[in-house]
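Okay, structure first, notes after.
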Number of protein chains: 4
Amino acid sequence: MQRSTPAARTGRPRSAAADAAILEATREALVELGWSKLTLGDVATRAGVAKTTLYRRWAGKNELVVDAVAELFDELELPDRGSLAADIEGVVLQFAAILDRPEARSGLMAVVAESTRDEALRERIRTSIVDRQKRLVVQGRARAACRGELPTETDPEAAARGAALIFDMVAGAVVHRTLVSAEPVDEDWARRFAAVLLGGLAATGI
Amino acid sequence: MQRSTPAARTGRPRSAAADAAILEATREALVELGWSKLTLGDVATRAGVAKTTLYRRWAGKNELVVDAVAELFDELELPDRGSLAADIEGVVLQFAAILDRPEARSGLMAVVAESTRDEALRERIRTSIVDRQKRLVVQGRARAACRGELPTETDPEAAARGAALIFDMVAGAVVHRTLVSAEPVDEDWARRFAAVLLGGLAATGI
Amino acid sequence: MQRSTPAARTGRPRSAAADAAILEATREALVELGWSKLTLGDVATRAGVAKTTLYRRWAGKNELVVDAVAELFDELELPDRGSLAADIEGVVLQFAAILDRPEARSGLMAVVAESTRDEALRERIRTSIVDRQKRLVVQGRARAACRGELPTETDPEAAARGAALIFDMVAGAVVHRTLVSAEPVDEDWARRFAAVLLGGLAATGI
Amino acid sequence: MQRSTPAARTGRPRSAAADAAILEATREALVELGWSKLTLGDVATRAGVAKTTLYRRWAGKNELVVDAVAELFDELELPDRGSLAADIEGVVLQFAAILDRPEARSGLMAVVAESTRDEALRERIRTSIVDRQKRLVVQGRARAACRGELPTETDPEAAARGAALIFDMVAGAVVHRTLVSAEPVDEDWARRFAAVLLGGLAATGI
DNA sequence: ATCTAACCGAGACGGTACGTCCAGTCTTGGA
DNA sequence: TCCAAGACTGGACGTACCGTCTCGGTTAGAT
C-alpha cells in the first residue's frame with residue numbers, strides 16, 4: 001500500500017509481517033489513546049518493531065493512521081436488499097458501523113483535518129478511503145437503474161456530478177450525526193434519512 | 001466565555017485586551033501553521049503575552065482553538081430570501097464561506113476529532129459553534145411554516161428530530177464536500193443540493 | 001564556570017544546586033561507565049534533572065566533562081617540602097594521585113583527544129585544567145630561585161620557555177606512565193624522575 | 001594482525017585487498033571526521049566494502065583505529081646520527097612528525113583514553129604501537145653504550161627500569177607538548193629537551 | 001496615599017516525544 | 001564460505017513543546 005519500489009532486488013527484504021503488526025498496533029493505540037496521544041514510539045513498541053522500521057515505511061503519523069484506518073473500509077460492500085431505499089439504508093448503516101469503532105472515530109477526522117494543509121495526504125485519503133466508499137454509491141445507482149427505479153443518466157458528466165452530490169450527502173450526514181451531533185445512526189435514523197434523500201432524488205430526477 | 005467570574009473583587013483585574021489579542025493570534029497561527037503545528041508558546045509570543053497568562057485563561061490548545069474558531073461563527077445569520085429553497089441555499093453558502101477560511105478549515109475538524117475522546121470538549125463545541133448554526137435551521141423552518149411552504153409540526157419531539165436530521169444533512173454535506181471531497185461549494189452546487197433536500201422534505205412531509 | 005550572563009535579570013533564575021548535582025553525577029557516571037558510554041540522558045537522570053536543563057548550560061558532552069574533571073584539580077597545591085627535588089616529587093605525586101581517580105583517567109584523555117579537532121575545547125581545557133597545573137611549576141621555580149637552588153632567570157621569555165619545557169616534561173611523563181605504560185607512579189619512580197629532571201636542569205642551567 | 005587463521009581451507013578466502021582498503025579508509029575518515037564522528041558504516045562505504053566484512057575482521061571501532069594508526073608507526077627507525085644527543089633529537093622529531101599527522105592526533109589519544117577501561121585494548125595498543133617506539137629507546141641506549149657515552153648497565157632489571165623511565169619521559173613530553181600545550185615540536189625544542197634529558201642521565205648515571 | 005492581592009513578562013524547570021543516526025546483527029541473492 | 005546490499009533491533013542523540021514554577025515588577029481597588 002505504501003510501497004512503490006518496483007525494483008529493489010538486493011539486500012534483506014522487508015518483513016511483510018512487520019507491516020501487518022504495525023497497522024494492527026496503530027489501531028490498538030488509536031482505541032486506547034486516540035489520535036493526539038498516539039506516538040510512533042509507542043506504536044513501534046506495541047508492534048514489537050524498532051522505530052526505525054516504522055519510519056522506513058511511513059513518512060509520519062498521518063500516513064500511518066490513514067493506512068491503518070483504510071483497512072477498516074476493506075469490508076465495505078453493498079448487498080442487494082431489493083430496493084434503492086433499502087440499499088441506501090444499508091450503506092448508511094455499514095458506514096455508521098465503521099464510524100462506531102473508536103479507532104475510526106479518533107483517526108478519521110484527525111487525518112481529514114490534517115489533510116486541509118497537505119495535498120499529498122488528501123490524495124492518499126481519497127485513494128485509500130474515500131474512493132472505496134464512493135464506489136458503493138455508483139454501484140447502488142447502477143443497480144437502481146437496472147431495477148428501473150431511477151432513469152438512466154446518459155450524460156456521463158452529469159452522472160458524475162450527481163454521484164458526487166449524493167456521496168457528499170450520505171457520507172457527510174452520517175459523519176456529522178456520529179461525530180458532531182454525537183447521536184447514534186440507528187435503523188430509524190437511516191430510514192428517515194433514506195426517505196428524504198430518495199424523495200429528493202425522485203423529485204429532481206438525479 | 002471561558003471565565004467563571006464568581007467573585008474576584010480585589011487585586012488587579014485581568015486584561016480584557018489580552019483575550020482578544022490571544023484569540024486573534026490563535027487564528028493567525030492557524031492560518032500560517034495549521035492546528036498540528038500551532039503551539040501555545042508561539043501564540044503567546046504573537047499575542048505579546050506570557051504563556052502563563054494564556055494558561056490562566058484556557059485549559060489547553062483545544063479549548064483555545066474552539067473559542068478562536070467560534071468567533072468566526074458570530075457573523076452567521078439568515079436573511080429572508082423569500083423562499084425556503086433560497087433560504088437553504090443562503091445558509092449553505094454562508095456556512096461554506098466560513099469553511100473557506102483557512103483558520104476554520106484547520107481548526108474545526110481537528111477539535112471535532114479531539115472531541116471524540118473528550119466529552120467536555122464536545123459540549124464546548126456544541127455550545128460555542130454547533131448550536132449557533134443549528135439555530136439557523138430552526139429559524140428557517142419556522143419562517144417556511146409562516147409562508148405555508150411547510151406544514152406546522154405540532155409534535156415538538158418530532159419537530160426536534162426533523163430539525164436535527166436536516167441540520168446533519170446540511171452541515172454534513174457542506175463539510176464533506178469542502179474538506180473531504182475538496183471541491184468548492186458554489187452557487188450551482190448549493191442550488192442542486194437545496195433542490196434535493198427540499199424535494200425530500202416535501203416528499204416525506206418533514 | 002560556564003556562565004557569562006552578566007545581565008539576565010528577568011525570568012526564573014537558574015538553580016545553583018543543579019550545576020553541582022550535574023557535575024557530581026557526571027563524575028559518578030565517568031567512574032561507572034567511562035567516557036564513551038557516558039550519556040547525557042543518564043547524567044541528567046542521575047542528577048535528578050531534565051536533559052533540557054543540562055543542555056541549557058553545557059554545549060555537549062565534551063564541555064561537561066571538562067568542567068566535571070576540572071573540579072578535581074581544584075585541590076592541587078604545592079606544599080613547601082624544603083628543596084626543589086622534594087617539591088618536584090611532591091607535584092608529581094599530587095598529579096599522579098588525581099590521575100589515579102577513574103573519573104579523571106576516563107575523562108581527561110578523551111577530552112584531550114577531542115580537543116585535537118576543536119580549538120574552543122582546547123582553550124577550555126587549557127583554562128580550566130592545564131593552567132591550574134602549570135601554575136605549580138612556575139611557583140616551584142620561584143621558590144627554588146629564592147632558596148638559591150636555581151639561578152634567577154632575567155630574560156622573561158627564556159623563563160617562559162623553560163617553564164613550558166619543564167611543565168611538558170613533568171606532566172607528560174606522569175600521564176604517559178599512568179595511562180600508556182599503565183604503571184604506578186609511586187615514590188620510587190617520582191624520586192628517580194625528579195633526580196633526572198633536576199640533574200638536567202642543573203646541567204643546562206634552565 | 002587481527003586474523004587468527006588457524007585453519008580455513010574451504011569456501012571463498014577473504015579478500016586481502018579489503019584489509020588494506022579498510023585501514024586506508026579508516027585513516028582517511030580520521031583525517032576528515034576525527035575519532036568521535038568516525039562511523040564504521042562510513043568506513044565500510046569508503047572502502048567499498050560491506051559492514052559485515054568489516055565486523056568479521058575487527059571487533060569494533062577501537063580495534064580498527066588501533067590497527068589503522070599502528071601502520072603509521074611502521075616507518076619509525078633510528079638512524080645513527082653519531083651521538084646520543086643527536087639520536088635523542090632524532091627520535092623526538094620522528095615521533096613528533098607522526099603526531100603531526102591528523103589521523104594520528106585524532107586517533108591515538110582517543111584509543112588511549114578508551115584503553116583506560118579495556119585491558120585487552122591496552123594490550124593491543126602496547127603491542128602494536130608502544131613497543132614499536134620503545135624499541136628505539138633500547139636501541140639508542142645500546143648504541144650509546146657502544147660509543148662509551150653511557151656506562152653499560154649490568155643489572156638487567158635496572159636497565160629495564162631505566163629504559164622505561166626514559167621512554168615515558170620522551171614520549172610523554174612530545175605528546176604533551178603536541179596535544180595538550182598545542183605547541184610545535186621543532187628542532188629548537190628537541191635540542192633543548194635532549195639537553196635536559198641527557199644532562200639528567202649523565203648526572204644520575206642511568 | 002498607601003496597602004495589597006492578583007495580575008503581568010520572562011524564562012528556567014521536569015517531562016515526553018520527536019525524527020535521525022549509528023551500533024551491531026541478520027537475511028537475502030550472487031560469486 | 002565469502003561477499004555487497006540493505007533491513008533489522010536497540011538505544012542515544014539534540015530539539016521542540018508541554019504545562020508548571022519561580023522570579024521581579026505592575027496595577028487598580030480597598031483602605
Side-chain angles (χ1 to χ4, degrees), chain A residues 5 8-18 36-45 47-61, chain B residues 8-15 18 37-45 47-61, chain C residues 5 8-15 17-18 36-45 47-61, chain D residues 8-15 18 36-45 47-61:
Chain A
T5 45
R9 227 171 316 275
T10 79
R12 177 174 173 176
R14 288 188 181 168
S15 157
S36 64
K37 294 192 180 170
L38 176 151
T39 71
L40 296 198
D42 179 56
V43 168
T45 303
V49 141
K51 248 198 311 177
T52 330
T53 299
L54 207 154
Y55 277 105
R56 207 177 285 121
R57 303 178 186 206
W58 285 275
K61 188 164 156 173
Chain B
R9 220 133 4 194
T10 92
R12 177 177 175 177
R14 288 191 180 157
S15 156
K37 294 191 179 171
L38 176 151
T39 70
L40 296 199
D42 179 57
V43 168
T45 303
V49 142
K51 257 200 305 176
T52 329
T53 302
L54 207 154
Y55 276 105
R56 212 176 280 124
R57 303 176 188 208
W58 284 276
K61 187 164 156 173
Chain C
T5 46
R9 227 171 314 278
T10 79
R12 177 174 172 175
R14 287 191 180 166
S15 157
S36 64
K37 295 191 179 170
L38 176 151
T39 71
L40 296 198
D42 179 57
V43 168
T45 303
V49 141
K51 245 195 320 174
T52 328
T53 299
L54 208 154
Y55 277 105
R56 207 176 283 121
R57 303 178 186 208
W58 284 276
K61 188 163 155 173
Chain D
R9 221 136 0 195
T10 95
R12 176 174 173 179
R14 287 189 180 163
S15 156
S36 64
K37 294 191 179 171
L38 176 151
T39 70
L40 295 199
D42 180 56
V43 168
T45 304
V49 141
K51 258 200 302 177
T52 329
T53 301
L54 207 154
Y55 277 105
R56 234 191 306 273
R57 303 176 188 208
W58 284 276
K61 188 164 158 174

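A note on names: the letters A, B, ... follow the listed sequences, proteins ahead of strands, and every chain is numbered from 1. From a predicted model like this one, the values you see are computed outputs, not experimental measurements.
Regarding C:K37, its NZ atom lies at a distance of 12 Å from the C1' atom of E:dA23, rounded to whole Å. Remark: C1' of F:dC18 and CH2 of B:W58 are 18 Å apart, rounded to the nearest angstrom.
Applying the side-chain contact (heavy atoms from CB on, under 4.5 Å) criterion to D:T39, with sequence neighbours excluded, gives D:D42. For D:A59, the side-chain contact (heavy atoms from CB on, under 4.5 Å) partners two or more places apart in sequence, or in a different chain, are D:E63. Not a single side-chain contact (heavy atoms from CB on, under 4.5 Å) links C:T45 to another residue, sequence neighbours left out. Under the rule for a side chain to side chain donor-acceptor pair (under 3.5 Å), the partners of D:S36 that lie at least two apart in sequence or sit in another chain are C:E114. Under the rule for a side-chain contact (heavy atoms from CB on, under 4.5 Å), the partners of A:A47 that lie at least two apart in sequence or sit in another chain are A:A21, A:I22, A:A25, A:V49.
When all heavy atoms of B:A50 and B:A44 are compared, the pair lying nearest together is C-CB, 4.1 Å. Shortest non-hydrogen contact noted between C:R57 and C:S15 is NH1-O, 2.9 Å.
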- Item | Under 4.0 Å protein heavy-atom contact, by nucleotide of nucleotides 8-13 of chain F - B base, S sugar-phosphate only | BBBBSS
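Counting heavy atoms from C-beta on, the side chains of D:Y55 and D:L40 come closer than 4.5 Å.
If one axis is set at each end of the helix from E:dA1-F:dT31 to E:dA31-F:dT1 from five pairs, those axes are 10° apart, to 10°.
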